[in-house]
Amino acid sequence: MKDTDIKRLLYTNLLCVFSIFLSIFIPSFFVDNFSVLEAHLTWLCICSASVTTVNLLSYLVVKPNVSSKRSSLSHKVTRALKCCVCFLMSCFLLHIIFVLYGAPLIELVLETFLFAVVLSTFTTVPCLCLLGPNLKAWLRVFSRNGVTSIWENSLQITTVSSFIGAWLGAFPIPLDWERPWQVWPISCTLGATFGYVAGLVISPLWIYWNRKQLTYKNN
Amino acid sequence: MNILLSPRMRKVSVLLFLAWVCFLFYAGIALFTSGFLLTRLELTNQSSCQEPPGPGPLPWGSHGKPGACWMPSRFSRVVLVLIDALRFDFAQPQRSHVPGEPPVSVPFLGKLGSLQRILESQPYHGRLYRSQVDPPTTTMQRLKALTTGSLPTFIDAGSNFASHAIVEDNLIQQLNSAGRRVVFMGDDTWRDLFPGAFSQAFFFSSFNVRDLHTVDNGILEHLYPTLDGGAWDVLIAHFLGVDHCGHKHGPHHPEMAKKLSQMDQVIQGLIERLENDTLLVVAGDHGMTMNGDHGGDSELEVSAALFLYSPTALFPSVPPEEPEVIPQVSLVPTLALLLGLPIPFGNTGEVMAELFSGGSDSSDPHSSALAQVSALHINAQQVSRFLHTYSAATQDLQVKELHRLQTLFSTASARYQHFLRDPQEAEAALSTLTAEFQQFLRGARALCIESWARFSLVRMAGGAALLAAACLLCLLASQLAVAPGFLFCPLLLIPVAWGLTWTILYAGVAVTTGSKIDSVVLGAVAAAGSLLPFLWKAWVSRGSKRPLAPLLPVPRPVLILLLIRLATFFSDSFVVAEARATPFLLGSLVFFLVAQLHWEGQLLPPKPLTISRLGSSAPTAPPRHGGARALWLGIGLLLFTRLAGLFHRCPEETPACRSSPWLSPLASMVGGRAKNLWYGACVGALVALLVVVRLWLRRYGNLKSPEPPVLFVRWGLPLMVLGTAAYWALASGAEEAPPRLRALVAGASAVLPRAVMGLAALGLLLLLWRPVTVLVKAGAATSRTRTILTPFSGPPTSQADLDYVVPQIYRHMQEEFQGRLARTKAQGPITVAAYQLGSVYSAAMVTALLLLAFPLLLLHVERVSLVFLLLFLQSFLLLHLLAAGTPVATPGPFTVLWQAVSAWVLLATQTFYSTGHQPVFSAIHWHAAFVGFPDGHGSSTWLPALLVGANTFASHLLFAVGCPLLLLWPFLCERQGPKRRLPGSESEARVRPEEEEEQQEPLMEMRLRDAPNHFNAALLQLGLKYLFILGAQILACALAASILRRHLMVWKVFAPKFIFEAVGFIVSSVGLLLGIALVMRVDVAVSSWFKKLVLAQQR
């Protein structure tokens, strides 16, 4: 593991953070009275789209896992289609999980689903970019001693911190402060976003800090 | 010493140790409760016009006059303006500033200008008082005080818990019985307190504290038209704006100035409209703190304003410079006598004597003073009568002080009678009489306050400290329990000795000083005394290098989850939302368990990568069923938790929430078809419950034995299901029964539940009598010629799979045989096959739980049977999930993981809510008292209390009794678990010697029996961990209630939560002891069974 790798990781991650900031500030130039809280659903869509774009772009530019064999166009297309299906599946799966954790079943379906979309943008899309639609690899990354590169390490940290953020976001909901952001699912989406951003910022630093201890199998 | 203890003694000492820990908690709870929850008995006696409060003539012979009772009325009409949270300084007149000093501009000062104008321009007509309020300063308690004249405490032990309606004698009731028309407008709390008491009423919701204007504007809309309409004798207007403004903004906010100015206009308008026979009372029910809250007993909270005004002159003198301080309840006897009503029976207030002087126009000072004394006399008579009645009903009041007061009263009363007959030295005599009556009245009030209305901070702190120490003990002892060389005896004997010493010491001191022995304090002293040696030990070893135990052995995520759970007790919103928060936490814990399994690589079959790293020597082979079994368990658990969450009852505090319609009884449904469907679903749930448990028992082979409990499970349980179903059919369709069958239906609906409960009791007794449900096959006679253990010669898996039984041989037994065989060489080899030994403990547990669940289910409404089914499924899945993550340490020591105990407690709490309960008194299911007793219970109270309690704490009881399953289940799951066989050794197994073959056989729960010391220690540890988590919860509740005792919601949320937690703790601890005792009973029975078997074989 070289310092240049960590630097590249840091820049890509900062780019992702930047894309989230952009999604907050850019739309107000085009849409009147845009704010994250009031036009929350719009923001969710924009944020999801921008984070996906940046992830895809950075993946294409950086190419963290260099695949040795050249693959045909049709293979690439199938792969992309598989990724889309995976993404959709993860959205539905997250939606079901939210309902199991107490989200309303019938009311606010759109809100819950968009939350699922955003959370899978933060978690599934980087996984898909890095690991492809390969569930076994995913499971490997999220188990003890399973990571094989700093990119996977960063992926592990950001994903877990996004989930933790979303989980923590549920706690203010019952409080009687009567703030606009306490409504389901705003606090959770905000929590997930904060968690994602925190994970993005922390992971390069953490890897840099622990670069002596970290040994990856493939390196 | 440890070794000398027989196994039975060890079991008893484990139980005694747990009982001692429970006692510590009980003592702490009792001590805290005695300081926090002050109780008072509500008397339902009524004062009446015809019956004077004491002997002697009434003043001026007022009997005959119309509209006069104990005294002639001075006013025929009263306008009572109640401004919520009108603190005294809000109404205090502002004196003209000293020149040179800058004027203070505080928003709430000097805004009630109309009062000041009246006081300056008409000093004989109006007066301002600083009224001293008794805590708790919450509106409902204050309204009770302002109408009954008593000192409401949190628990007014009355006959009626379910509604807030006042049952004591009160002003409104007296007005009604005197035929006066009472018109009310404002806070809808009055509707709950006085249902149907007003001739006309305009109620406005007091719920939204942030809404400053709705209530006030609503009142103003109706106030003047009603006033001018004249269809009233007493008009009450309860404004909430000031209070809400305090809660929302605090008193130092410009909004408060606006609100007070509005109130000022209201008062001004009223004063202009008053007629001569009308009295205007402007009162605050309590004050507020600097932040605008109230509920406690700080100076700012307990000082409220009270202003009286009448267009006719009221007072004989000009008001004093500094307004007089009077108790708030003085208003009650004063208003009663001014209106010509009897004083409410339970009043403890002292009449404001100067209002009875006849105003400044009465020229004769003698008659004026006489009128004052006679008002005081009637008041004193009434208070004396109340004290007498109250002390006859309960022993709350101090006897000595009561005696002193009674003597004081009788002498003063005798002197008054004497004076009436023979008026001499009028002035001096009257002034002494006034002083004596006032002394009596104030003494009586002080006596009542002493016993009813003070938080005892010392007791609260002591109780909390005791609870905390007991928690610490649990935590440390649960670590020590499994450590080798843990000594039970000193741990038991020393505390008992210390506790006894301290108790005797305390009793001795109490006897020598002559004070009464308080049983609560006695218990607390005993508990604290018995804790002392432990605390001393902990303190000493704190500094030493080897601490008593590692600080917190809880895995960090579980610890965080526990801390979050404890923190939620400090927020009223979270207490209210606990029904939703608990499943969330439970789900998080489940997620953590699954994620941990995955992280450790135990969830899915290991991938080549891990295998290669771990090497081929990895001892943990994948589970036989492999795959993502734990994942499915987790998902199923989440699903069932969510389904159970569909059954929820809304707390009062969330108006937007809608309760589940499924928690109402079937009888209340209208649609015939839907009702039938639901009925079918309920019976289906019952049958499913039975089938699930029977399948489980059969799977482990526990349905084969001819023992009575097994027969009961096979035949008695279906009978119980049948009885329950029939009872539900009758209960849900009772109205539709043809008239001829009414009597039959009524009889059956009384008999059926009792029959089911009797059957359940019978089943439990049978289970206690013969808890070993083991089938012994292949007696000695048939197998003498064979070699040892022939039934196991084949591959064990195939036999197990064929028969659905687990053939078990107890290794010790074999050793014992061999030992005996060695002595009696003459005998040949013996064969014994014992089925279901491996699950003997948990089979008894599960049977007991099912037997308990049926009567508890009967106490709930029909559709809760679905919740009970979910409960069993949930706990089944949870146990499996936990077992998947628990390693089975073969020779011991056995441990129960913290996550297991935490999840169990969370599941219990979740079930409490999903069975339709809420920790508030109004949500208690009172109908449970009538199950099996449709005509009530007559005079007995313990049976209905027991039924209602069993209904309310059903989940606590079930889960506490089932707690030992947490220890047993991992052994039970060993069958599917690891160490079946090393890969590739299949063929070798066939040719191995039989002894080794037998070792391959899963021992399951017999592993526990193999190590009785570790088994006992594990049971002790389990009990201590469970008690620790429950104890930490109750400690958090107690701390929340004491720290937030000034919180707006303390009496609405925190105090009921504490009470429910406390009772739940007591029920749970008793259930825990019962569950552990049941396991021990099974253990003893298994031992004696072995002994018998050995003897039989020997013969």
Side-chain angles (χ1 to χ4, degrees), chain A residues 92-108 112 123 131 134-149 152 156-157 159-161 163-179 182-185 187-188 191 215-218, chain B residues 208-210 248 557 560-561 564 567-568 571-588 590-592 595-610 612-614 628 631 634-643 645-646 648 651 653-654 1048-1049:
Chain A
F92 284 115
L93 204 70
L94 281 177
H95 188 115
I96 292 171
I97 288 176
F98 295 155
V99 171
L100 285 183
Y101 273 86
L105 184 65
I106 300 161
E107 301 105 40
L108 303 173
T112 311
T123 55
L131 307 168
N134 177 2
L135 208 66
K136 283 212 173 106
W138 293 22
L139 289 173
R140 169 179 60 78
V141 169
F142 293 102
S143 57
R144 172 177 292 181
N145 303 325
V147 287
T148 53
S149 68
E152 289 180 358
Q156 198 184 42
I157 292 172
T159 307
V160 170
S161 65
F163 274 117
I164 290 178
W167 183 73
L168 286 177
F171 282 94
I173 294 178
L175 291 172
D176 59 354
W177 300 341
E178 298 189 9
R179 298 296 152 90
Q182 279 182 293
V183 184
W184 168 260
S187 60
C188 286
T215 49
Y216 299 116
K217 277 201 68 59
N218 294 3
Chain B
N208 190 352
V209 190
R210 285 161 194 280
K248 190 176 175 188
I560 290 172
L561 216 62
I564 288 177
T568 57
S571 154
D572 60 317
S573 314
F574 268 104
V575 173
V576 169
E578 201 188 10
R580 284 184 295 146
T582 314
F584 181 73
L585 288 180
L586 182 65
S588 309
V590 169
F591 183 82
F592 163 71
Q596 194 193 25
L597 279 179
H598 171 67
W599 185 255
E600 304 288 345
Q602 291 176 16
L603 187 64
L604 295 175
K607 287 152 289 290
L609 185 77
T610 27
S612 63
R613 180 167 309 139
L614 289 170
L631 187 67
I635 290 176
L637 191 51
L638 281 180
L639 183 68
F640 287 143
T641 311
R642 183 71 171 99
L643 283 179
L646 293 178
H648 71 288
E653 284 78 13
T654 48
L1048 177 66
M1049 287 289 175

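All chains are named by letter (A, B, ...) in the order of the sequence lines, taking the proteins before the strands, and each is independently numbered beginning at 1.
For B:L585, the part sitting under 4.5 Å from any heavy atom of chain A is the side chain, from C-beta outward, and nothing else. The contact between B:S588 and chain A is made by backbone and side chain atoms together, counting heavy-atom distances below 4.5 Å.
Taking all atoms of both residues into account, the shortest heavy-atom contact from A:Y101 to B:F584 is O-CD1, 3.7 Å. Residues A:L175 and B:S571 come closest through the heavy atom pair CD2-OG, 3.6 Å. Residues A:P174 and B:A577 approach most closely at CB-CB, 3.6 Å, considering heavy atoms.
You'll find the side chain of B:I564 reaches within 4.5 Å of the side chain of A:F171, heavy atoms only. A:D176 is listed as a side-chain neighbour of B:D572, based on a closest heavy-atom distance under 4.5 Å.
Separating the CG atom in B:L638 from the CD1 atom in A:I96 is a distance of 12.0 Å, to the nearest 0.5 Å.
Counting only distance, with no hydrogens or angles, the side chain of B:R580 and the backbone of A:G102 share no donor-acceptor pair below 3.5 Å.
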